[in-house]
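A short worksheet on the structure shown next.
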Amino acid sequence: MNKIIAIQGAEGSNHHKVARNFYGTTIQLKECMSFDELVASLLDNTADLGIMALENTIAGSIIPNYALIDNNNLHIIDEEYLNIHHHLMALKGQKIEDIKEVWSHPMALLQCKEFFKKYPHIKLVEDVDTAEVAKRISKENLVGIAAIAPKIAAEIFSLEILEDELQTIKDNSTRFVIVQTTKPEVNKEVNKASLKFQLNHKRGSLAAILNVLSDCKMNLTKIQSLPVIETPWKYSFFVDVTFEEYSEYEKAKAIIEIMAEEFKILGVYKNGRK
């Protein structure tokens, strides 16, 4: 029986694209219009796996998703870095001059803002999701309305692509993680870990942790701080590290467990960077 995969957004979204890349085209999808809804579906067992965007090369970290993973004790089991391509699509038989409004997610509109300066007659309208708009245009036969969405959405909903590659910055990549509620068996082929820790306010406490990572041959690829809500001016640190030897990772983990006030492993998995 196929596992049910929860994605943020609709069929045809970038989250759906990641799901297909990992699990093929015959997957069972659970479409969620928010990341909170996605996490809820994992907690109530209406989905087995969830796919969540975690950071983008333009927009930076999606900070609320770090908190969602941490607060709900989800486990990261894999990741993928996906190049983001924005395409303009509408019902067949139309030209860009026929389009009065473009609907899409605010981030997609922002990333394509420069393109639409050439078309001042087009109104840009923020909406909940890229692919969901494409689906609505197809289902409701909306003339004069276009969507910014991945090419996969045009294929699924039989829309015509009016313009390719709208994004202002062409090298635009998003990191997605796959999460579940149960802790997986660790495969010794893993070479990346996501960790969370809290430190006291002593001078040099963060530097001491970073020195441990360096001494144990960990390559720090990400560090993100989040405030500890119940304790003003205290922070949790979320870090990603890559490594060549699993034994070195275990050594670093054992030392940090002693040094940190709170220590948590969010996931150990295979590095998705090619």
Side-chain angles (χ1 to χ4, degrees), residues 2-8 13-29 35 38-39 42 47-57 60-63 65-70 72-85 150 152 171-197 209-210 212-224 237-257 263-274:
N2 285 344
K3 289 186 175 182
I4 299 171
I5 302 171
I7 61 169
Q8 190 278 319
S13 65
N14 284 313
H15 282 81
H16 179 208
K17 192 172 181 181
V18 173
R20 293 214 313 188
N21 289 351
F22 270 97
Y23 301 107
T25 57
T26 59
I27 49 179
Q28 286 184 268
L29 282 183
F35 288 110
L38 183 153
V39 170
L42 295 174
D48 302 297
L49 300 169
I51 295 177
M52 301 175 70
L54 206 53
E55 58 182 305
N56 176 265
T57 51
S61 297
I62 304 173
I63 291 176
N65 286 357
Y66 281 87
L68 278 174
I69 292 170
D70 177 32
N72 294 285
N73 295 313
L74 300 181
H75 300 274
I76 300 173
I77 63 168
D78 225 322
E79 69 172 2
E80 177 165 337
Y81 290 78
L82 185 70
N83 288 326
I84 304 300
H85 303 277
I152 183 178
D171 187 10
N172 177 14
S173 180
T174 296
R175 177 188 175 212
F176 296 83
V177 292
I178 300 175
V179 294
Q180 63 184 36
T181 56
T182 55
K183 186 176 180 179
E185 292 290 327
V186 175
N187 180 337
K188 292 298 176 70
E189 292 182 3
V190 297
N191 59 358
K192 187 171 183 177
S194 292
L195 312 172
K196 174 209 170 183
F197 53 83
I209 293 282
L210 298 181
V212 168
L213 295 176
S214 177
D215 291 344
C216 293
K217 302 176 184 176
M218 302 289 103
N219 179 31
L220 182 68
T221 61
K222 175 76 178 180
I223 183 165
Q224 177 72 54
F237 293 92
F238 294 80
V239 302
D240 293 331
V241 294
T242 59
F243 48 88
E244 293 184 6
E245 298 292 335
Y246 188 78
S247 60
E248 294 285 2
Y249 160 70
E250 288 188 310
K251 179 181 173 184
K253 179 180 71 171
I255 298 171
I256 295 172
E257 279 179 320
F263 179 68
K264 185 177 183 181
I265 301 165
L266 301 178
V268 187
Y269 47 95
K270 193 143 187 172
N271 186 5
R273 290 287 296 272
K274 300 296 188 284

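Remember, predicted model here, so these are calculated numbers, not experimental data.
In this structure, the separation between CG on L213 and NZ on K253 is 13.5 Å, given to the nearest 0.5 Å. Between atom CZ of residue R20 and atom CD1 of residue I51 there is a gap of 12.0 Å, rounded to the nearest 0.5 Å. The CZ atom of F22 sits 4.0 Å away from atom CG of D78, with the distance rounded to the nearest 0.5 Å. The distance from atom CZ of F238 to atom CD1 of I69, rounded to the nearest 0.5 Å, is 8.5 Å. Distance check, rounded to the nearest 0.5 Å: CD of E248 to NZ of K217 gives 5.0 Å. Between atom OH of residue Y81 and atom CG of residue N56 there is a gap of 12.0 Å, rounded to the nearest 0.5 Å.
The shortest heavy-atom contact between G50 and L38 is CA-CD2, 4.0 Å. L29 and A19 get closest at one heavy-atom pair: CD2-CB, 4.4 Å. Scanning both residues, S13 and I7, for their nearest heavy atoms gives OG-CD1, 3.9 Å. Scanning both residues, A53 and N65, for their nearest heavy atoms gives O-ND2, 2.7 Å. When all heavy atoms of N14 and P150 are compared, the closest pair comes out as OD1-CG, 3.5 Å.
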Candidate pair V241 and K192, rule side chain to side chain contact (heavy atoms under 4.5 Å, CB included), full reasoning: CA-CA 6 Å; V241 294; K192 187 171 183 177; over 6 Å; no
Kindly determine whether F237 and I209 satisfy side chain to side chain contact (heavy atoms under 4.5 Å, CB included), including the steps that lead there. CA-CA 11 Å; F237 293 92; I209 293 282; over 6 Å; no
For L42 and V179: C-alpha separation, side-chain torsions, deciding distance, then whether side chain to side chain contact (heavy atoms under 4.5 Å, CB included) applies. CA-CA 9 Å; L42 295 174; V179 294; 3.8 Å; yes
Kindly determine whether I62 and L54 satisfy side chain to side chain contact (heavy atoms under 4.5 Å, CB included), including the steps that lead there. CA-CA 5 Å; I62 304 173; L54 206 53; 5.6 Å; no
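A salt bridge links R175 to D240: at least one charged side-chain nitrogen sits closer than 4.0 Å to a carboxylate oxygen. Under a 4.0 Å N-O distance rule, the pair K270/E79 does not qualify as a salt bridge.
With a 6.0 Å radius and a threshold of 12 heavy atoms from other residues, nucleotides or ligands, E245 has its CD atom at or below the threshold. Crowding of K264 atom NZ: a count of heavy atoms from other residues, nucleotides or ligands under 6.0 Å exceeding 12. Heavy-atom neighbours of K222 NZ from other residues, nucleotides or ligands within 6.0 Å: above the threshold of 12. Other residues, nucleotides and ligands place more than 12 heavy atoms under 6.0 Å from the CD atom of E257.
For the residue pair Q224 and S61, a side-chain donor N or O sits within less than 3.5 Å of a side-chain acceptor on the partner. Between the side chains of T182 and Q180, at least one donor N or O lies within less than 3.5 Å of an accepting N or O. No side-chain donor-acceptor contact under 3.5 Å links N83 and N172.
Looking at heavy atoms from C-beta onward, L220 lies in side-chain contact with L210 at the 4.5 angstrom threshold. You'll find the side chain of F176 stays beyond 4.5 Å of the side chain of M52, heavy atoms only.
N2 places no side-chain N or O within donor-acceptor distance of the main-chain N or O of Q28, the cut-off being under 3.5 Å. Within the 3.5 Å criterion, the main-chain N or O of L82 finds no donor-acceptor partner in the side chain of E80. Of the possible donor and acceptor atoms, one in the side chain of N72 sits under 3.5 Å from a partner among the backbone N and O of L68. A distance-only check finds no donor-acceptor pair linking the side chain of N271 to the backbone of T242 [under 3.5 Å].
Note: Y249 and F243 have parallel aromatic rings, judged against thresholds of 30 and 60 degrees for the angle between ring planes.
Two rings, from Y269 and H75, have their centers 6.0 Å or more apart.
The side chain to side chain contact (heavy atoms under 4.5 Å, CB included) test with I178 singles out one residue from L74, I76, I5, I77, and that residue is I77.
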